[in-house]
Amino acid sequence: MTVRVRFAPSPTGYLHVGGARTALFNWLWARHNGGTFILRIEDTDLERSTDASTDQILDSLKWLGLDWDEGPFFQSKRGDVYRAHLQKLADEGKIYRAFETHEELEAAREKAQAEGRDWVYNRASLRLTPEEVQEKIRAGVPFVWRLKVPDGQTRILETLMTGPANNVFENSTLGDFALTRAGTEDNWGDALFNFCCAVDDAVMGITNVIRGSDHITNTARQTLILNALGYPSPTYTHLPLITKEGKKMSKRDGDADPRFPVSVSARRDRGYLKETVINFLALLGWSWDGQQEIFTVEELVKKFSVNALSKSNANFDEQKFLHMNSLYLKQLGPEVIAERVLPFLEQAGLRLGGSKDQAWLARAVAPELERCKLLTDFPEALRYYFEAPTTYEPKAVEKACSAPETGDILREVAEALKGVGTITQESFEATINSVATPRGLGFGKVAQPVRIALTGRGASPGLTEVIENLGVEESVSRILACADWLVIHR
RNA sequence: GUCGGGUUCGUCUAGCCUGGUCCAGGACGCCGCCCUUUCACGGCGGUAACACGGGUUCAAAUCCCGUACCCGAUACCA
């Protein structure tokens, strides 16, 4: 049987890392099996669903490269399908109208809770005579459709969260749950999540539902619906939850801490690479051999299996995430990163132009690959290429430029540098040594003030690269400027 | 409360199904050392864990029972 899986987000917010991971696992399982990945938007809750959310979810999926084969299908546009299935169940007497008000039920539930009892619907409306029902319908009393849940147990087809209970639910604990919102005979209420979901999974031929384990009890209800409808049940794989500091990571947490946003789009804006997000998310509840942690998407497709999933909650380790991003920065290389860094530079007001073209940027980015961890680190790391330093890092100056002759040294270096045609490792070292050696100084004693002069900082990549990317002329002028600055400020 | 799941280094985890090769492996972090014109990168080394209590067995991280703790679900939301 060919595998058909789906990702079915509700558009009540952005795509968060948990949802992205669910999407990823479904996508991987489809690709691994040469199956079909379907996208379905569960927007039956019109109150909370927004088009903006849908757009952002699709956008994030595209960014991650999780392409879908069918859809997106919108449940809000499939009312006829649900209505037809409801009608069938009504004709067969498997569902019934329940006329209690929301308030009545709420009160009953609270009472039960206060008494420490479990609450399930008491079937009051099921005991109404046909005449009483007709009477209420005529009077226009609003009702919801409830499933007449049979006695006995419901066994769900679970592949992962299997335990001693073997996923058998006592139907009595589920009660006759509601299938629709409140409506009238002329205008039935809209079908609710569980009903739409079960119907769509069946109609769309879903073979394996992969979703968060917070859906387990829904699975029992959906299985009951499927049984009533006479549809076969897909198998279910309930993923362990993603936690952060022990608590379920949900979009309700928002992007409260800007350093650790929960949405995929904010991670992207924060400078995380899509390769990192995919790889890191894959490891949240799945592992290969316990040794390998870096996987290309192709490898993931090949190696991923729902059978290798973990049952315990996966904790989101920010430090490791960040580390993985720095790994990918290096792995992707200067050309790719230069391209991706561009929007971040522009956002920081740093624009290419003149001799600073894309190729130049790749050269400038290359040595920074080892010190930056996020794309957003690059604007600051590269800023000195775009703007000559106007101030120098005080600590670095103190450490390297405290000797009174530093200004003279810099002027000598500038002079020597003028004669250098093209800068190479050798010519640079010769230049520095031509100043250092006569004075009996070590290489670093001269090189470090030069670094500060050029970049304003005590830390940067190799000076040869810096001068190469800056140009000799610009370098000379910066060194002289720093010498002057030292005279005034020391 | 009830139902379901979980519990291995500071952190993320492998191993558990199919007991022995595990005085428990990898990674992040941290700490040393090396490299080095600084920072970083890299290389080498180190640190550190089977929740607790019983049981089964020649042998248990692995199987069974109990306890504790954590997480989730308990809607006319999805």
Side-chain angles (χ1 to χ4, degrees), chain A residues 8-12 42-45 47-49 75 98 100-102 105-106 109 112-113 115-121 142-146 158 160-165 167 169-170 173-175 177-183 189-190 192-194 196-197 211-220 238 240-241 243 246-248 280 283-285 287-294 310-324 326 330 367-373 396 399-400 428-429 432 436 442-452 457-464:
Chain A
S10 65
T12 54
E42 309 218 317
D43 53 351
T44 54
D45 185 346
E47 304 261 310
R48 294 196 296 149
S49 301
Q75 290 189 325
E100 292 74 16
T101 65
H102 196 16
L105 296 172
E106 201 57 49
R109 196 180 357 261
Q113 213 156 39
E115 291 168 12
R117 288 183 291 114
D118 267 349
W119 180 87
V120 291
Y121 177 63
F143 63 84
V144 303
W145 284 103
R146 284 185 182 273
E158 168 67 41
L160 183 63
M161 292 294 172
T162 53
N167 305 286
F169 286 81
E170 291 295 333
T173 65
L174 266 13
F177 54 93
L179 266 21
T180 66
R181 291 191 163 75
D190 293 330
L192 253 8
F193 162 72
N194 277 124
C196 300
C197 185
R211 63 185 4 172
S213 63
D214 48 340
H215 278 293
I216 285 187
T217 43
N218 287 327
T219 297
H238 288 102
L241 268 7
T243 55
K247 290 271 182 282
K248 177 185 170 188
F280 189 75
L283 259 17
L284 254 26
S287 64
W288 176 240
D289 57 5
Q291 311 295 309
Q292 184 181 357
E293 297 194 313
I294 300 299
S310 162
K311 291 168 91 165
S312 55
N313 288 170
N315 274 287
F316 199 96
D317 184 342
E318 289 290 351
Q319 277 193 324
K320 204 157 179 169
F321 191 29
L322 192 61
H323 174 258
M324 189 180 280
S326 71
K330 277 172 270 189
E368 296 293 348
L369 252 24
E370 283 166 2
R371 59 212 324 110
C372 292
K373 289 180 190 288
K399 207 173 156 197
F428 172 67
E429 280 174 18
I432 296 295
F443 184 88
K445 287 275 188 242
V446 174
Q448 191 59 10
V450 171
R451 176 188 315 282
I452 293 166
R457 306 192 305 235
S460 79
L463 281 176
T464 310

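Convention: sequence-line order gives letters A, B, ...; per-chain numbering from 1.
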Integer-rounded Å distance: [N] [atom2] and [X] [atom1]:
X        : N     : atom1 : atom2 : value
A:Glu318 : B:C28 : CD    : P     : 17 Å
A:Leu160 : B:C17 : CG    : C1'   : 13 Å
A:Met324 : B:C28 : CE    : P     : 10 Å
A:Leu241 : B:G72 : CG    : P     : 7 Å

Report all interatomic pairs (protein N or O, nucleotide N or O of nucleotides 7-13 of chain B) with separations under 3.5 Å.
from: B:U11; atom 1: O2'; to: A:Asp317; atom 2: OD2; distance (Å): 3.2
from: B:C12; atom 1: OP1; to: A:Asn315; atom 2: ND2; distance (Å): 3.1
from: B:C12; atom 1: O4'; to: A:Asp317; atom 2: OD2; distance (Å): 3.3
from: B:C12; atom 1: O3'; to: A:Asn315; atom 2: O; distance (Å): 3.4
from: B:C12; atom 1: O2; to: A:Lys320; atom 2: NZ; distance (Å): 3.0
from: B:U13; atom 1: OP1; to: A:Asn315; atom 2: N; distance (Å): 3.0

Answer yes or no: does a side-chain N or O of [X] lie under 4.0 Å from OP1 or OP2 of [N]?
X        : N     : answer
A:Lys311 : B:G5  : no
A:Arg109 : B:C76 : yes
A:Arg211 : B:G72 : no
A:Arg146 : B:C76 : yes

Distance, nearest 0.5 Å, that separates [atom1] of [X] from [atom2] of [Y]:
X        : Y        : atom1 : atom2 : value
A:Lys373 : A:Lys330 : NZ    : NZ    : 7.0 Å
A:Gln75  : A:Cys197 : CD    : SG    : 7.0 Å
A:Asn218 : A:Asn194 : CG    : CG    : 4.5 Å
A:Glu42  : A:Phe193 : CD    : CZ    : 5.5 Å

- With both distances kept under 3.5 Å, what pairs with B:U74, Watson-Crick or G-U wobble? B:G1

- Write down the partner of B:C44 under the Watson-Crick or G-U wobble criteria, each distance required to be under 3.5 Å. B:G32

Are the side chains of [X] and [Y] in touch, meaning some heavy atoms are under 4.5 Å apart?
X        : Y        : answer
A:Asp214 : A:Leu241 : yes
A:Met324 : A:Leu283 : yes
A:Phe169 : A:Thr219 : no
A:Asp45  : A:Thr12  : no

Name the nucleic acid region contacted by [X], choosing base, sugar-phosphate or nothing; use a 4.0 angstrom heavy-atom cut-off, strictly under.
X        : result
A:Asn218 : base
A:His238 : nothing
A:Thr101 : base
A:Thr217 : sugar-phosphate
A:Ala447 : base
A:Ser460 : base
A:Leu179 : nothing
A:Pro461 : base

- Message: From C-beta outward on A:Gln291, which listed nucleotide comes closest to its side chain: B:U37, B:G26, B:A78?
- Response: B:G26

- Note on the structure: Of the candidates B:G5, B:A73, B:A78, the side chain of A:Phe193 sits closest to B:A78

Please write out each protein N/O paired with an N/O of nucleotides 40-42 of chain B under 3.5 Å, distance rounded to 0.1 Å.
from: B:A40; atom 1: O2'; to: A:Glu370; atom 2: O; distance (Å): 2.9
from: B:C41; atom 1: O3'; to: A:Lys330; atom 2: NZ; distance (Å): 3.2

- Side-chain-base donor-acceptor pair under 3.5 Å for A:Arg457 and B:U38: no

- Using side chain to side chain donor-acceptor pair (under 3.5 Å) as the criterion, list what pairs up with A:Thr173, not counting sequence neighbours. none

